[in-house]
Structure formats: structure tokens, C-alpha cells
> 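First, the structure itself, so that you have it in front of you.
The sequence lines fix the lettering, A, B, ..., with proteins before strands; numbering per chain opens at 1.
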2 protein chains.
Amino acid sequence: MVKITDVARRAGVSPSTVSYALSGKRPISDETRRRVQAAVRELGYRTHARARGAAGGRSGVLALAVPMRSGVHVPVVTQFAVSVVTAARAHGHDVLLLTQGEGEKGIGRVAETGLADALVVMDVQLQDPRLPLLRSLPLPSVLIGVPAEPDGLTCVDLDFGAAGELCVDHLARLGHRTVALVGSPPEVYVRRTAFARRLVQGFTASAVYPCGTDRDAARAMAERLLREQPALTGVVVHNEPLLDPLIDAFEELGMRIPEDLSFTAVCPTPVAASARIPLTSVTVPSAELGTRAVHLLIRKLSGAPVPQATLLPPRLTERASTGPRPA
Amino acid sequence: MVKITDVARRAGVSPSTVSYALSGKRPISDETRRRVQAAVRELGYRTHARARGAAGGRSGVLALAVPMRSGVHVPVVTQFAVSVVTAARAHGHDVLLLTQGEGEKGIGRVAETGLADALVVMDVQLQDPRLPLLRSLPLPSVLIGVPAEPDGLTCVDLDFGAAGELCVDHLARLGHRTVALVGSPPEVYVRRTAFARRLVQGFTASAVYPCGTDRDAARAMAERLLREQPALTGVVVHNEPLLDPLIDAFEELGMRIPEDLSFTAVCPTPVAASARIPLTSVTVPSAELGTRAVHLLIRKLSGAPVPQATLLPPRLTERASTGPRPA
DNA sequence: CTGAAAGCGCTAACAA
DNA sequence: TTGTTAGCGCTTTCAG
């Protein structure tokens, strides 16, 4: 293993100079920096992450707490995780994976053992039990999702309220007047998941129907909607696995899409595009959320100020599932 | 932060005794051990991972290299990753996430910087470019998938060959005589993905059709199968996203399942169970693979011998998609 | 069975 | 602009 003293000897400087040349934490003459860089390259030196950590520096690791519970859509989480890793790597960091099964335990452990420099916490609920811990921690964190009391925290999310409004606007412009929101499984709302609540806010004037994700739930929901809202001509669905089953269910009940019913979704683009009927949708920009979260964290690590909440504006893409209100 | 010296003082012993009491690396009297444990508990001590690393001990971190490419099914990877994290935690380890976008880079970095003690490498190809590196590394590793030359490596996988045979046996017992395997997208076979090749081996007597994953590919494949294999009454599908589209395609072409065509799948249980027609399937035991991989790694870390290849036996579950050969 | 002491490789005062 | 020197918190010789 090649260590910093090897590089120092090779470059004809002291170890601390190598350290500083690499970290940029104090001015180094161009000449010296060049020699150090050359030595690093020739010897293939990489600074030992653990030793650096012990010496009080940064570990170069971000921890990512990912949710593992029903009502959370695996592909979105995965895409998000990948974008976090990619962005972290671009900043020279690695990513430690924490599952939410551990809950606060994992966060506490990572903080106390100094395993990570900072935290990305996904799937934040309105009243999240982890918030007090996060606030008290010496490590900076970024939350995906906006809790009820975001004071002292840094949050990023899609602006779900605006996303709902955007869908309704789109449907309204097409002439639709009775629109329902079919949401995530009931437990998501019961748990007061922040994103679901905020999406609902775009729908104050409309009906909201939480729904499970299997084919039976889809069929039951379609029947109930047609019964309770006879004038219904538009739906907004915020429940990824339910999309295809619900399309099927409506069609089996004789509703053609988009001739009889306009169908919009809040979901990742690939899901909307590859549904049986390509869906007009507001995308959940998982990848951008991950990248943003990491950027914010890097800024916090460097001591720069960051906004308390970053809400990404929704963008609606029209596809084949929406059309004018039937005569 | 509570450190080992605090515990030592509290327990009335030396720091090294605390260290040994915790690691078990040398005999400690019961009395002393008890006092140390009490002090640890009272003070809420956790050994600082980075400092331990610097001092030459273990970092307590496993690195997991996950694939991110077409032909790899996200839910399986995710389930696998979760089971790895869970199993690792059960052994007191954390998990560092490496995306395969980094390829050998990530593995090299983790090894050289001492970030992780050991590696789990998913999605191993028959001729995997990472193998030489893995063989040369001082860190132990476990591969998911069996390469062409597994010498000096440790591998775990579903026995895909046996899985294919099991499906064919099942169909054969139901009277079917002409059976086709519809596989993963062509690039998987081109890349000589180990699992796909081995699955194919169960089918030496049958036809093998690689296939893409979209609805058009499904339709084209169904048409081609019925054209090229007029006597076809059974299929084995090893291509998760293709399952539903292929079912649809066959039915649109007038083939009822299972009356006209028996349909078996090699895929995770939840996928098989929630398909439009519940599918007779051999499960890909992602979770068990992850757990096994971690167990093997822990054993290797402790210096215990481990088998070169662990092939999990396939288990077939009958559901609604298979039946006797039509008259 | 236990303690004292010497580092692990690196960083960051403190000095020049 | 650079070097010298003390540690970081822990592990592990070496010595009892």
C-alpha cells in the first residue's frame, strides 16, 4: 500500500504538504502542487479513507436512508438511490445504504461511529419520528419530502401540490368538470406521508380516493368511482402499481380512454410511457431529486448556506390518455 | 462523544482490556468482562468505526456492487440489496453501495482506500472483466452468479440449469412435448450473462428465443413462436418485464392460458403471483441469495473455509398458468 | 489474565 | 509558502 509519506518523499516535500496539496486547505505553490500531483499519479496513491477519518477529517461517505414499506414504489426508490450514488461519486463521496427497517437506529449509529459525514433521508413523513434526532445531530442532512415542521432542516421534493393542480388544470382546459384523485394505499395517508398530503392539496375541490395496488382494488375502485361520481370524466392517479390495473378495470367497465375518461398520472416518466395506454403524466423526477439532495449536502458540508425547502416545479407531459370531455 | 478511555476509566480497567473484551481477541475474566459490558451500556459507548479502521482493524463495512443495465430487473436487485443490508446488519456490518457504472473503478477504490472489508458483486458475467481484479484483491469477495472460471472465487446463485429443467419436467409431466424458452433481451446473451447461459442448458432439447421487453417485442415473439413451432403447447419465460405483455400477446392471438398454452416463469414469487394470470414459476430467491452471500463473506472474514460455488436448488410453485396438454 | 506503550495513516494546529 | 509535531480513537504488540 502506498501511503502519504511515500508520496511526500517522492515529491521531495513533507507529508503535510501533500495533504494540503490534495485537500486545497491552504495555499500551495504551483510548482509544489505539480510535483505532488505527479508523485501521486506515478505511485497511484489514494488517501486511506479510514485513516483520514480517524484524524478528524471527513470520511468521504454519505449515508442514504431508503424506505422499505408498502406504498413506496421500488423503481422510484432505486432510481433515486442510483442518482444519489452517481452525484455523490461526482463529488468524491461514497454512499452507505441504510434501510428504514432500522429507523432511527441506523441514523444514530452512523452518526456516533463517524461512519458517514452526512445523511440523505428519503420518504419523510409529515410527523416523522426521526426529525428530532436529525435536528440534534452534528452531521448535516437533507430530507426527501417536506415535513410539517421543516425548521432547522433541509428538504427537497417535487411540488406535489402544484403537480396535482397541474393535472387538474390540464383536465379543466380539456373541458372536464368532475375529476377524482386516486391516491396511494390508505396506509400512506394514515401515516400522513408528506407527499401524499401535499398532492391532495391540489384537489380541494375534488374527490380523493386512497386505493390499494392490486387488481381487485383497482376493479373495486373503478366501480365505486363510476357509482359515486356519475359525471366523472377525469382521474388523476398517484399510485404507480395501480396504473395498469386501473386502466384495465375502467375498460372492462366500458369506459374507453381517453374517449370516455381522461386519465392522468403522477409517476416517473418511464412508467407513464410504457403503460398499456401511454399516459399523460406529471413526472416524479427521482433522479433530479437525488442529484439535488447531494448538491445541497455538499454545500452544507462546505459550510455554505442552503434553502430550507427546495420544491421542484412539476412538468406535465401529454400522452395518449387524455382528451376533450365527451359530449 | 464517549470513547474507549471513558469506558476503561468507568470499568476500572485499561483501554486495551476494553478493546479485547469487546473483540474477544484474547481471554478476559468473566468478572472483568461483566464490568466492561456494564460500563459500555451505561455510557452508551459505540466504537468509532473510522478510528478502528485507522488502527488496522476492520471497518465493519461491506461493499455491494449492484448492476444498473438493461436486462436486469430492478425489483430483484432491490430485494437482493435489502437482504444484503439486513444480513450485514445482523452481523454488525454496514453496506456501501457501489453502482456498476463505475465498474472496476469502484471495486478498486473501495479496496485501496480501505473503505470496506469485503465485497459482494452482483450480476457476474461468464467472462467478467472484474474477475482478475477480484482475484488479486486482498479483500474477500462473494459473487452473485457463476462465471466460466470460478477458481479462486466464491460464488452463489440459483441453479438456473436445474430451474430450466424443473420447468420442462413440470411441463413434460403434464404431457407437453414441444416447449420453448423465451429468455432475456438479446444483449444479455450476447454479454454471456452467466445465469442466462446456465438456464439455457436445461433446454438443450428445446428451442431458445431471446426477447426484448416491450409490448411490440412480446407480440412479435408470440407470433414467431406460433409460426415456427406449430406444435407448441408450453413456454418457459425467463424475462420478468415481458411476462404480462407476452400473456396478453398470446391471448390476443387466440391462445388461452392454460387451456391452449401452459406458461411457466423463472422469476421472483411476487411477480409470478401478481401477474394477470397467476403463473406457475420457479422463484428467483433474491433474498436468500443475499443472505447467503453475506454469510459466506462473514465466514471468509473470520478465516473459515467456504465452498467455491453455492447453487441454490430451484423450487417450482404451481399456479394457474399450467395445465395438461390440449387434446 | 491484564496493562503500558507504540503505532495505524492521516490531518491540523503551531512554527517558521 | 512550507515543515515539524501532536494527536484522532482505536488496536495490538510487548511485558508483566
> Are any of the side-chain heavy atoms of Leu153(B) and Gln308(B) separated by less than 4.5 Å?
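Answer no - side chains too far apart.
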
> Taking only N and O in the side chain of Ser16(A), is any of them less than 4.0 Å away from OP1 or OP2 of dG3(D)?
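Answer no for this pair, as no side-chain N or O of Ser16(A) is under 4.0 Å from OP1 or OP2.
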
> Determine whether a donor-acceptor pair (N or O, by modelled atom type, separation under 3.5 Å) exists between the side chain of Ser19(A) and the backbone of Pro15(A).
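No.
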
> OP1, OP2 of dT11(D) versus side-chain N and O of Lys25(B): anything below 4.0 Å?
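Indeed not, no polar side-chain atom of Lys25(B) lies that close.
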
> Of the nucleotides dC10(D), dG3(C), dC10(C), which has the atom closest to the Ala51(B) side chain?
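Nucleotide nearest to Ala51(B)'s side chain: dC10(D).
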
> Take atom CG of Leu22(B) and atom C1' of dT11(D), then tell me their distance rounded to the nearest Å.
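The distance from CG of Leu22(B) to C1' of dT11(D) comes to 12 Å, rounded to the nearest Å.
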
> Listed in order of residue number, which residues of residues 27-50 of chain A have a non-hydrogen atom at under 4.0 Å from DNA chain C?
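Here the set is Tyr45(A), Thr47(A), His48(A).
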
> Which residue is it: Leu137(A), Leu96(A), Leu62(A)? I am looking for the one with a side-chain contact (heavy atoms from CB on, under 4.5 Å) to Val110(A).
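It is Leu96(A); the other options fail the test.
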
> Please determine, for the side chain of Ala55(A), which listed nucleotide (dG3(C), dT11(D), dG7(D)) has the closest atom?
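The nucleotide sitting nearest to the side chain is dG7(D).
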
> DNA chain C: Ser23(A) or Tyr20(B), which has the more 5' nearest nucleotide?
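Per heavy-atom nearest nucleotide, the more 5' residue is Tyr20(B).
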
> Looking at the base of dT12(D), is there any donor atom on it, or on the side chain of Arg26(B), that sits under 3.5 Å from an acceptor on the other one?
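No, the side chain and the base share no sub-3.5 Å donor-acceptor pair.
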
> Can you tell me the distance, in whole Å, between the CZ atom of Arg9(A) and the C1' atom of dG3(D)?
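Taking CZ of Arg9(A) and C1' of dG3(D), I get 16 Å after rounding.
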
> Strictly below 4.0 Å, N to O, side chains only: are Asp6(B) and Lys3(B) in salt-bridge contact?
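Answer for the salt bridge query: no.
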
> Can you tell me how far P of dA4(C) sits from CD1 of Ile4(B), to the nearest Å?
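These atoms are roughly 14 Å apart.
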
> With Thr310(A), which residues qualify under side chain to side chain contact (heavy atoms under 4.5 Å, CB included), at least two apart?
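Testing Thr310(A) for side chain to side chain contact (heavy atoms under 4.5 Å, CB included), a comparison that skips the adjacent residues, returns Val156(A), Arg292(A), Leu296(A), Pro307(A), Leu312(A).
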
> Just do the side chain to side chain contact (heavy atoms under 4.5 Å, CB included) check on Glu149(B) and Leu131(B) with the steps written out, would you?
CA-CA 9 Å; Glu149(B) 288 289 347; Leu131(B) 299 184; 5.8 Å; no

